[in-house]
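What follows is a set of notes on a single structure, which appears directly below.
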Amino acid sequence: MSDFTVGETDFLLDGRPVRLLSGALHYFRVHEDQWGHRLALLRAMGLNCVETYVPWNLHEPRPGDFRDVEALGRFLDAARAAGLWAIVRPGPYICAEWENGGLPHWVTGGLGASARTRDERFLRYTDRWFRRLLPEVVSRQLDRGGPVIMVQVENEYGSYGSDAAYLAHLTDLLRAEGVTVPLVTSDGPEDHMLTGGSVPGLLATVNFGSHARDAFATLRRHQPQGPLMCMEFWCGWFDHWGGEHVVRDAEDAAAALREILECGASVNVYMAHGGTNFAGWAGANRPGGELHEGPLEADVTSYDYDAPIDEYGRPTEKFWRFREVLAAYHDGPLPEPPPAPARLASPADAEVTGWAPLTAVLETLGTPERVHPVPPTFEELGIARGLVRYEVDVPGPRQPYPLTARGLRDLAVVYVDGERAGILTEEEPQLKKPVAGPARVELWVESLGRVNYGPRSGEPKGITGGLLHERQFLHGVRARGLDLDAFEAGVDEVPCGPLPQEGAPGLYRGTVAVQGAGDARLELPGWTRGFVWINGFNLGRYWSTGPQHSLYVPGPVLKEGENEIWVLELQGTDRGAARIAPL
């Protein structure tokens, strides 16, 4: 069996120097039937390794409820079949522009700032998760005939904390559970990040998008020996709802990659292929200021990342420029890209025939309604991804006063006595029109994604600071939540009737007839905000605010003939079309 080690200046494979030319591709952002095609594209670009994170919250949505942890093992087997080594980054925190940075809401909701520390509760949860996960990794290490050559401890921990005892615990846990390949850390190339995130005896790597020589000089001040590696070479970036689509010039990115390699370093291209945040798993950021405490910016469903391989699995100009750079580090010619997957042959309009109001959906599939003294958070109601309806009575008679949702996260559609009264956000948490009493107020609050980076990561969702009428708290709040997982499991139980006269929010059901099934995109002109499923597969969130205006439909999701479509519209629609279109 082969042996991969860390030497004084190089990575060594059976004692011979080797350079890692890796690319990030997250198995959970790509339909499993398309893994082989995307991995073959990595090979064709000139890479010899693939890197993936592991999202804890995807695989343990509730305590002890483990779901398809074996998916990681299947992906690693696919990497081996494609002729690639693999780097695994299991966290437990991963960032990745993923909901809550990969940490389960039921962990952070109870721990707050004690998450990602030596806190015994956090370590207990983490130990249980790693002991369930790591057999998928350990059995596929290089010395056992598998592709795994490296495992990362935590992720950019120096950007968050400095608990050396916590990092030491993770290191000892990985070794105790059988990880024998090299362990590494990754951090930004800054002194405080490297001192906070490094572990004595482990190789430190750095993350950046440019100025490789400066970044590696900083690393060398902290680590005089050992191979140089950029664990995340940011060749593009991600988008936020309501923002602009971010792009990076292909020649500029290729020049930055060339500089990394000219330094004699190994590299992991982040992202080589970004994929999609299916099922509402996109995270959010608060990028304002050095402390990352600005207004929430929710990540879009697409994780295209302006990567060399786009969201649809197509080589871009950046792919070909990177291939030219990487070819110089191979002895022979690179393999040609694999044939493109089948694409939808012709467009098709959906026929929407049934509708159920949000109230009916909530009453059928939501959590039991209970009365609380103050509004409970999503975490207290056990809601990971979805929405909560808060209902409260304003006493009366009393004159009109402002109504405010303190600490609102993230967006609320408000009704007063059954009539829509406005939309509240974190920045504008007060209704424009005052409310007189007596009145019944409903607030349908949606989480737009938990923060995945910075000191505000793990913050709760919902109405976190109470409901105020003037300066008086309103108590006796009735609340029930709808989690997306519960919706998917029970949607057939929701009674649907005719379409409403006006485009009210709710569940819309219909079908779309497809000829020549293959990769496609779903267009929803006239719809505002919500989630959409095709044949039970959650394509993710749509939102008319842009910059994303269609959702990727992987070819394996579609079938010839009739396909079922569900649209959960949360704000209201002018009953526009739902259309499957070719790429």
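Just so it is clear, the structure is predicted and the values come from calculations on it, not from any experiment. One is the number of the first residue; the rest follow in order along the sequence.
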Please give me the minimum heavy-atom distance between [X] and [Y], naming the atom from each residue.
X	Y	value
Leu448	Ala298	O-CB, 3.4 Å
Tyr157	Gly196	CD2-O, 3.5 Å
Leu103	Asn57	O-ND2, 3.6 Å
Glu97	Asn277	O-OD1, 4.3 Å
Lys432	Pro434	O-CD, 3.7 Å
Leu539	Pro554	CD2-CD, 4.2 Å

Donor-acceptor under 3.5 Å ([X] side chain, [Y] main chain):
X	Y	result
Thr195	His192	yes
Arg286	Gly294	yes
Asn535	Glu564	yes
Arg450	His105	no
Arg385	Ser447	no
Gln548	Ser550	yes
Arg89	Tyr53	no
Asp249	Glu251	yes
Trp241	Pro547	no
Thr367	Gly481	yes

[Y] and [X] side chains, donor-acceptor separation under 3.5 Å:
X	Y	answer
Glu232	Ser186	no
Ser302	Glu311	yes
Tyr552	Asp519	yes
Thr404	Gln430	yes
Glu297	Asn285	no

Quick one, [X] and [Y] - any side-chain contact, counting heavy atoms below 4.5 Å?
X	Y	answer
Ile463	Val445	yes
Ser457	Tyr160	yes
Val388	Leu381	yes
Val441	Tyr415	no
Val491	Val361	no
Pro429	Arg406	no
Thr316	Ile309	no
Val532	Leu522	yes

Do Arg478 and Arg480 pass the side chain to side chain contact (heavy atoms under 4.5 Å, CB included) test, and can you show the C-alpha distance, the side-chain angles, and the key distance before you say yes or no? CA-CA 7 Å; Arg478 301 178 292 278; Arg480 66 189 311 173; over 6 Å; no
Salt bridge (Lys or Arg N to Asp or Glu O under 4.0 Å) partner of Lys318, chosen from Asp304, Asp310, Asp306: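 Exactly one option meets the salt bridge (Lys or Arg N to Asp or Glu O under 4.0 Å) with Lys318, and it is Asp306.
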Apply side chain to side chain contact (heavy atoms under 4.5 Å, CB included) to the pair Glu569 and Phe531, showing each step before the final yes or no. CA-CA 7 Å; Glu569 170 62 48; Phe531 296 88; over 6 Å; no
Evaluate Phe487 against Trp533 for ring pair (Phe, Tyr, Trp, His ring centres under 6.0 Å), listing each step before the verdict. CA-CA 11 Å; Phe487 174 86; Trp533 291 256; 4.6 Å; yes
Between Tyr542 and Thr301, does the side chain to side chain contact (heavy atoms under 4.5 Å, CB included) criterion hold? Intermediate values first, please. CA-CA 7 Å; Tyr542 64 88; Thr301 295; over 6 Å; no
Less than 4.0 Å between a side-chain N and a carboxylate O, is that true for [Y] and [X]?
X	Y	value
Glu442	Arg440	yes
Arg116	Glu154	yes
Glu446	Arg541	yes
Asp485	Arg67	yes
Arg118	Asp163	yes

Just checking [X] against [Y], ring centres under 6.0 Å apart?
X	Y	value
Phe537	His31	yes
Tyr508	Trp527	yes
His292	Tyr453	yes

Would you compute the distance between atom [atom1] of [X] and atom [atom2] of [Y] and round it to the nearest 0.5 angstrom?
X	Y	atom1	atom2	value
Ile580	Asp349	CD1	CG	10.0 Å
Leu467	Glu391	CG	CD	11.5 Å
Thr528	Asp574	OG1	CG	7.5 Å
Glu120	Thr117	CD	OG1	10.5 Å
Asp299	Glu99	CG	CD	10.5 Å

Among Trp234, Tyr305, Phe233, which one satisfies ring pair (Phe, Tyr, Trp, His ring centres under 6.0 Å) with Tyr270? Tyr305
Do you know which of Tyr303, Phe278, Trp98 makes ring pair (Phe, Tyr, Trp, His ring centres under 6.0 Å) with Phe28? Trp98
Qualifying residues under side-chain contact (heavy atoms from CB on, under 4.5 Å), relative to Pro63, sequence neighbours excluded: Trp106, Arg128
For the [atom1] atom on [X], are there more than 12 heavy atoms of other groups (residues, nucleotides or ligands in this structure) within a distance under 6.0 Å?
X	atom1	value
Glu244	CD	no
His211	NE2	no
Glu293	CD	yes

Looking at Asp410, Asn100, Thr377, which hits side chain to side chain donor-acceptor pair (under 3.5 Å) with Lys461?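 With Lys461 as partner, Asp410, Asn100, Thr377 yield a single side chain to side chain donor-acceptor pair (under 3.5 Å), made by Asp410.
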Check against side chain to side chain contact (heavy atoms under 4.5 Å, CB included), Leu170 and Thr126: CA-CA 9 Å; Leu170 291 180; Thr126 301; 3.8 Å; yes
